[in-house]
Amino acid sequence: TFNMFGGLGTRLMVAAVGLCVGGAILIGLVYPNVIQRVVVNPNELRREAPFIERNIEFTRAAFALDRIEAKDYPLATDEAISAEMIEANQETVNDVRLWDHRPFRSILNQIQFFRLYYTFPNVDVDRYVVNQDGETRLRQVMLGTRELDSANLPEEAQSWINRKLQFTHGYGAVVSPVTEFTQEGSPIFFVKDMPPTQDIIPLERPEVYYGEISENFVIVNSNQPELDFAPTSGEPVYTSYQGDGGVTLSGFLRRVVYAWQFRDVNILISGEINSKSKIQYHRQIQQRVQKLAPFLRLDSDPYIVLDQGRLFWIQDAYTVTKQFPYSTPLNLEGEKINYIRNSVKVVIDAYSGHPTLYVTEASDPLVQTYQKIFPELFKGLDEMPPGLRSHIRYPQDLMGIQSQQYLIYHMTDPTEFFNKEDQWSIPNEYLQGAFEEMQPYFLNMRLPGEETLEFVQLLPFTPANKENMVAWLAARSDGENYGKLIAYAFPKGVTIFGPAQVEARISNDQDIKQFFALVCTGEASCIRGNLLVIPMEDDSGNKQILYAEPLYLQATGLAFPELKKVILADSNDVVMEDTLEQAIASLTKSSAPLLSRQEKPEVTVETGKSKLEIALSNLVEALGSLKEQYTSLEKAVLEIQEATEGSSK
């Protein structure tokens, strides 16, 4: 009996499991497929329309795409850019960015590093109102911070005292206008050298104790003098830290605690540390912000700002989640998110390390929650000092994320969205010998319909799997317009050259191709910089597109590029000249100069030659040429004498 009922129980158990598995397959796979095939597919658009509408609405809201203002941008594609168009946009053209951040950083690490332990880890783009030669105007600039990389100290100098007590900080920054360059092809600087020049942009506190690559911890105000900077000539200059950054090692217990934390017994036993010494740690700015507010996601590009004679870092921070209903997620560095806001900007003093968090998106429910949890942590944007407020910019990472979603979610009609009738893509440009996806870029420009110059971030769009342009997106950064986005759509049915097509036109131009063949081979290589797509509008409302690309020449085996050519293009022509002025004149077929630009200085950046030295050098060169001509003449006379020897005079 036991065996009989035991066997029956086993069979019932197996049958129950089989019934569950079969039911799961039927309900989970078969039934949905049947519904999809029989009910949905014959009426797919009508059945899915409510869900598509909901997805469009909530995705646009989650990524703030519903704030983008859509406008038309009609232009005539068969008209060349005229001199009148250039004159109407002279401020924009005067500030066309010719320096790409990659070659510019390479040059800084060749001519402005001065010591092996200094380096420029990154280059940023910003705008400053500068007074130069009595003229005050808004200028777009490139900035680099000279940071200390103690790993580059000579091997014999890699002692604990050097790395932790003496070599404690970087020094100074470099600021250069994006358009100007010397006759040799090097940048012209507003701020440079050690100690820094201060005639255009003051920098009275140039020390960088907190930066992008700062070593984990250093100890300041020890018995060892700190190296402040090492000039190009003369003795090194030493200093003592005057700020309030760091924790005072005022007692034995504190030294024990920090020796334990950093697993470094020297903190405990070193006789160079006194009661006034301070230990500074978490000096890498992104690590510092992450320790303070781990719930914020950080932008990949913090940037340096010069204000009131000091250096400040501005770090954009985001609130993100993947729980926003009905929103399509985006893969961001391995993490899926479906909601993002640039709700916080963190300002960090490069000298003291003091961070201040300013709320820039007060309507964001996530940052509102964090404000309630940490009421003393955040400040309002109106509390940010005006000098720093004038340098906030729309984050490039956020612009890239929104652009990716906008490729599809600019379509708001469910039928159009369902059929993917107007799907866009981000264009490619030619960089470092290969085509790469274009990144958002900054320009000082006057937007269509606006009267003033402003700092704008741009990105063009092309149709999916096509190369012609269909639209461009602008993000504004100045004043009351900060955070506003405008999408300008080109007329449908009209071909507007996209970046990849313009790159092909440049490569196919006979004069440029010949230049590449003659110059960009052997011991030298050519580097093509960012292609800029620059929309312009004249006083009559006529619109055009100007394309600009710098060309650098670099010797093989040495990362020392020089800006040698400027390439411009419109819908009809491609030109390459030595300067932007010459390229504009060539493109517009104008004999008179169209740009009100300053002449290049006669003092070169690399050698610092004076006018007298240059004149003497030219004289020596001319005398050498004259001597060669005289030698040739003397040789010819002797040959004539030998040939006529023995003949009558």
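- Side chains of Phe104 and Val178 form no contact here, defined as non-hydrogen atoms less than 4.5 Å apart.
- More than 12 heavy atoms of other shown residues, nucleotides or ligands fall within 6.0 angstrom of atom NZ in Lys420.
- A salt bridge is defined here as a Lys NZ or Arg NE, NH1 or NH2 lying under 4.0 Å from an Asp or Glu carboxylate O, and Glu333 with Arg297 meets this definition.
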Problem set entry | Chi angles and distances behind the ring-ring contact (aromatic ring centres under 6.0 Å, His included) call for Phe374, Phe295 | CA-CA 12 Å; Phe374 308 105; Phe295 46 83; 5.4 Å; yes
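- Of all heavy-atom pairs between Asp124 and Pro302, the closest is OD1-O, 3.5 Å.
- Checked by atom type and distance alone, the side chain of Tyr409 never pairs as donor or acceptor with a backbone atom of Asn55 at under 3.5 Å.
- Residues Ile200 and Val191 form no side-chain contact, since every pair of their non-hydrogen atoms from C-beta on lies 4.5 Å or further apart.
- The two residues Met469 and Gly498 make their nearest non-hydrogen contact at CG-CA, 3.5 Å.
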Exercise. Passes side-chain contact (heavy atoms from CB on, under 4.5 Å), Asp299 versus Leu398? Steps please.
Worked result: CA-CA 8 Å; Asp299 190 271; Leu398 179 60; 5.7 Å; no
Exercise. Under the side-chain contact (heavy atoms from CB on, under 4.5 Å) criterion, do Gln112 and Ser176 qualify, and how do the steps go?
Worked result: CA-CA 12 Å; Gln112 278 291 311; Ser176 174; over 6 Å; no
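- Distance check, rounded to the nearest 0.5 Å: CD of Gln404 to CZ of Phe63 gives 10.5 Å.
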For this session: May I have the step-by-step check of salt bridge (Lys or Arg N to Asp or Glu O under 4.0 Å) for Glu69 and Arg476, ending in yes or no?
Result: CA-CA 12 Å; Glu69 183 181 1; Arg476 308 173 76 175; over 6 Å; no
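- One N or O on the side chain of Arg341 and one on the backbone of Ala62 form a donor-acceptor pair closer than 3.5 Å.
- Between Pro177 and Phe190 there is a side-chain heavy-atom pair separated by less than 4.5 Å.
- With values rounded to the nearest 0.5 angstrom, Glu421 atom CD is found 5.0 Å from Asn419 atom CG.
- Just one of Leu296, Val289, Leu377, Asp364 meets the side-chain contact (heavy atoms from CB on, under 4.5 Å) condition when paired with Val344; it is Leu296.
- A cation-pi arrangement is not found for Lys322 relative to Phe324, the charged atom failing to lie both closer than 6.0 Å to the ring centre and inside a 45° cone about the ring normal.
- Judged by distance alone, with hydrogens and angles left aside, the side-chain atoms of Gln290 form a donor-acceptor pair with the main-chain N or O of Pro294 at under 3.5 Å.
- A pairwise comparison of heavy atoms in Leu447 and Glu454 identifies CD1-OE2, 3.8 Å as the closest pair.
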For this session: List the steps, then state whether salt bridge (Lys or Arg N to Asp or Glu O under 4.0 Å) holds for Glu91 with Arg446.
Result: CA-CA 8 Å; Glu91 289 180 312; Arg446 182 167 56 87; 5.7 Å; no
Exercise. Which is it for Gln396 and Tyr303 under the side chain to side chain donor-acceptor pair (under 3.5 Å) test, yes or no, and what are the steps along the way?
Worked result: CA-CA 11 Å; Gln396 285 184 288; Tyr303 59 98; over 6 Å; no
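- Considering only heavy atoms from C-beta on, Phe113 stays 4.5 Å or farther from Thr119 through its side chain.
- Atom OG of Ser571 is separated from atom CZ of Arg505 by 7.0 Å, given to the nearest 0.5 angstrom.
- With contacts defined as side-chain heavy-atom distances shorter than 4.5 Å, the pair Pro460/Met438 qualifies.
- Leu306 is listed as a side-chain neighbour of Leu311, based on a closest heavy-atom distance under 4.5 Å.
- Of the possible polar contacts, one joining the Arg288 side chain to the Tyr281 backbone as a donor-acceptor pair under 3.5 Å is found.
- A donor-acceptor contact shorter than 3.5 Å is absent between the side chain of Asn428 and the backbone of Phe435.
- A salt bridge does not link Arg127 to Asp95: none of the charged nitrogens lies less than 4.0 Å from a carboxylate oxygen.
- Taking a 6.0 Å sphere around CG of Asn465, one finds it holds 12 or fewer heavy atoms contributed by other residues, nucleotides or ligands.
- Note that the CZ atom of Phe189 and the CD1 atom of Ile201 stand 12.5 Å from one another [nearest 0.5 Å].
- Distance check: Thr92 OG1 to Ile534 CD1 gives 8.0 Å after rounding to the nearest 0.5 Å.
- Ring orientation note: the planes of Tyr73 and Phe490 are nearly perpendicular, at an angle over 60° on the 30°/60° scale.
- You'll find the side chain of Glu212 reaches within 4.5 Å of the side chain of Trp313, heavy atoms only.
- Of all the heavy atoms in Gln501 and Phe497, the pair that sits closest is OE1-CA, 3.3 Å.
- Proximity of a side-chain donor or acceptor of His410 to a complementary backbone N or O of Ala70 within less than 3.5 Å is not detected.
- Around CD of Glu480, the count of heavy atoms belonging to other residues, nucleotides or ligands within 6.0 Å does not exceed 12.
- Ion pairing between Glu450 and Lys484 fails under the 4.0 Å rule for side-chain N and carboxylate O.
- The minimum heavy-atom distance linking Val470 with Pro463 is given by the pair CG1-CG, 3.2 Å.
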Problem set entry | Pair Leu458-Met445, side-chain contact (heavy atoms from CB on, under 4.5 Å): steps then yes or no | CA-CA 10 Å; Leu458 300 180; Met445 66 172 293; 3.7 Å; yes
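- None of Tyr339, Phe58, Phe51 except one satisfies the ring pair (Phe, Tyr, Trp, His ring centres under 6.0 Å) rule with Tyr326; the exception is Phe58.
- Aromatic ring pairs are classed by plane angle as parallel below 30°, tilted from 30° to 60° and perpendicular above 60°; the pair Phe442 and Phe455 is parallel.
- Checking side-chain atoms of Trp99 against main-chain N and O of Glu180 turns up a donor-acceptor pair under 3.5 Å.
- Counting only N and O atoms by type, the side chains of Thr495 and Asn468 include no donor and acceptor under 3.5 Å apart.
- Checked by atom type and distance alone, the side chain of Glu537 pairs as donor or acceptor with a backbone atom of Gly449 at under 3.5 Å.
- Using a distance-only test at 3.5 Å, with no hydrogens or angles considered, a donor-acceptor pair links the side chain of Thr59 to the main chain of Thr328.
- The 12-atom threshold is exceeded at CD of Glu416, counting heavy atoms of other residues, nucleotides or ligands nearer than 6.0 Å.
- Using modelled atom types, no side-chain atom of Asn338 and backbone atom of Pro325 make a donor-acceptor pair closer than 3.5 Å.
- Note: His169 and Tyr351 fail the aromatic proximity criterion, with ring centroids not under 6.0 Å apart.
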Exercise. Do Ile337 and Tyr318 pass the side-chain contact (heavy atoms from CB on, under 4.5 Å) test, and can you show the C-alpha distance, the side-chain angles, and the key distance before you say yes or no?
Worked result: CA-CA 12 Å; Ile337 65 167; Tyr318 307 108; over 6 Å; no
Exercise. Taking it one step at a time, do Asn444 and Asn94 satisfy side chain to side chain donor-acceptor pair (under 3.5 Å)?
Worked result: CA-CA 9 Å; Asn444 273 345; Asn94 266 329; over 6 Å; no
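- Salt bridge Arg393/Asp126: absent, no basic N to carboxylate O contact under 4.0 Å.
- In this structure, Val305 and Ile392 have side chains that are not in contact, with every pair of non-hydrogen atoms separated by 4.5 Å or more.
- Here the CD1 atom belonging to Ile496 is positioned 13.0 Å from the OG1 atom belonging to Thr462, to the nearest 0.5 angstrom.
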